[in-house]
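This report concerns only the one structure given below.
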Number of protein chains: 2
Amino acid sequence: MKTKKIDIDFENSIGPWLGRTGKMVDYFFQESFNAIGLDLTKEQMIVLKKLTFQDGLNQNELAFLTLRNKSSLTRLLTKMEKKNYIFRKQSKEDKRIKNVYLTKYGKDIYNKTKPVIQNLITTMEQNISKEEKQQIIKIFKKIQTNFSSSIEHI
Amino acid sequence: MKTKKIDIDFENSIGPWLGRTGKMVDYFFQESFNAIGLDLTKEQMIVLKKLTFQDGLNQNELAFLTLRNKSSLTRLLTKMEKKNYIFRKQSKEDKRIKNVYLTKYGKDIYNKTKPVIQNLITTMEQNISKEEKQQIIKIFKKIQTNFSSSIEHI
DNA sequence: GCTCCTTAGTTGCATATGCAACTATTTAAT
DNA sequence: ATTAAATAGTTGCATATGCAACTAAGGAGC
């Protein structure tokens, strides 16, 4: 007897849920920035955030911390430098390295994102209990571990 | 007394976990396709999947189902049409509408992705119990609801 | 039947991204 | 010291994406 399940059950796995939810977060993020006239993308915000916590990181470190290809980071920084959010400075010890710093303006911009981010968190985590939050983060950690251990040995 | 917490607690919210995990999934996905020489992106695969379940969808419907801007879908389809995975056909009832169909080759390609997707699910959901899976999906649903209701009334 | 509004799809412009090839610089090896 | 290998960053080429302006076609109102 032939079953009607002619396809694998991808739709009920975690993947699509993750993808769709992520898209909605991204969309809401950009929407919020645009709404208050912030000339900023989520990706640029993440760079500003990392630099706020540790100014002067080099591009390699920034790329690693933001899970980004170094070429992608190069271009991201070029745009941010043009907008005067950050500036690059060649290291004196090792001329290959460029350290990246926030400008005063970049700091201002980052401060302006704070209420937006706060609002995003509030909106997103509405009706979600502390336990659920812990649960989901625990599961995220597991998934990341699963992929890390799987990708390493390739 | 001044607290040391000078920044909002974005890092411990769900957002970054979601973003990073999503990136890893995407990376693993692409890696897997490339590994077996499949000339396909995750996005193209999703289109193939939707068409597998319902051949002949029009572009508007496809864009909606895949959470994509219609212009983005246009270009995605153009590339897929060039690779002969799908073809467009103008509707006779309404000449504005283009229905999209899988080619024989497109079906073959989609079938080849199945083991890859199966492997992705297996890898990703390793050590994750049925209960956890239900939990995480339930929370994803909540987040999506939160954003939907929030975006609507803008 | 003509005008206006709406809808489906396309295109220009801007962003982000990965891979691979390239340059410049540093370090290791002989 | 000179050569070879490794490292940091950039660039070409390809993909995907959203917004806004556009074209073509359908539908409503008169």
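Because the structure is predicted, anything quoted here is derived from the model rather than measured. Just so we're on the same page: letters track the sequence lines, and every chain starts at 1.
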With nearest nucleotides of DNA chain D determined for B:K83 and B:L67 from heavy-atom distances, which residue corresponds to the more 5′ nucleotide? B:K83
Would you kindly compare B:L73 and A:Q59 by the position of their nearest DNA chain D nucleotide and give the one closer to the 5′ end? A:Q59
Would you indicate what [X] reaches in the nucleic acid, counting non-hydrogen atoms under 4.0 angstrom: base, sugar-phosphate, or nothing?
{"X": "B:N60", "answer": "sugar-phosphate"}
{"X": "A:R75", "answer": "base"}
{"X": "A:K95", "answer": "sugar-phosphate"}
{"X": "A:K70", "answer": "base"}
{"X": "A:D94", "answer": "sugar-phosphate"}

Under a 3.5 Å threshold, yes or no: a donor from one side chain and an acceptor from the other, between A:Q59 and A:R88? yes
Is it true that B:Q44 and B:K83 share a donor-acceptor pair across their side chains at a distance under 3.5 Å? yes
Step by step, work out the side-chain contact (heavy atoms from CB on, under 4.5 Å) result for B:L102 and B:Y110. CA-CA 10 Å; B:L102 286 173; B:Y110 180 65; 5.8 Å; no
Heavy atoms within less than 4.0 Å of DNA chain C: which residues of residues 38-46 of chain A have one? Give them sorted by number. A:T41, A:E43, A:Q44
Would you mind telling me which of A:F29, A:Y27, A:F28 makes a ring pair (Phe, Tyr, Trp, His ring centres under 6.0 Å) with B:F147? A:F28
Nearest-nucleotide comparison on DNA chain C, the residue closer to the 5′ end among A:N69 and B:L77: B:L77
Sub-3.5 Å donor-acceptor pair from the side chain of B:Q134 to the main-chain atoms of B:S129, do we have one? no
Using a 3.5 Å distance criterion without hydrogens, assess whether the side chain of A:T103 forms a donor-acceptor pair with backbone atoms of A:Y85. yes
More than 12 heavy atoms of other groups within 6.0 Å of B:Y101 OH: yes
Going by salt bridge (Lys or Arg N to Asp or Glu O under 4.0 Å), name the residues that satisfy it together with B:K138, two or more places apart in sequence or in a different chain. A:E132
Report the distance from atom CZ of B:R68 to atom P of C:dG9, rounded to the nearest whole Å. 15 Å
Find the distance B:E61:CD to C:dT7:C1' and express it as a whole number of Å. 13 Å
Going 5' to 3' on DNA chain D, which nucleotide is the first and which the last to come under 4.0 Å of a heavy atom in chain B? D:dT15 to D:dG26
Are B:D108 and B:K104 within salt-bridge range, i.e. N to O under 4.0 Å? yes
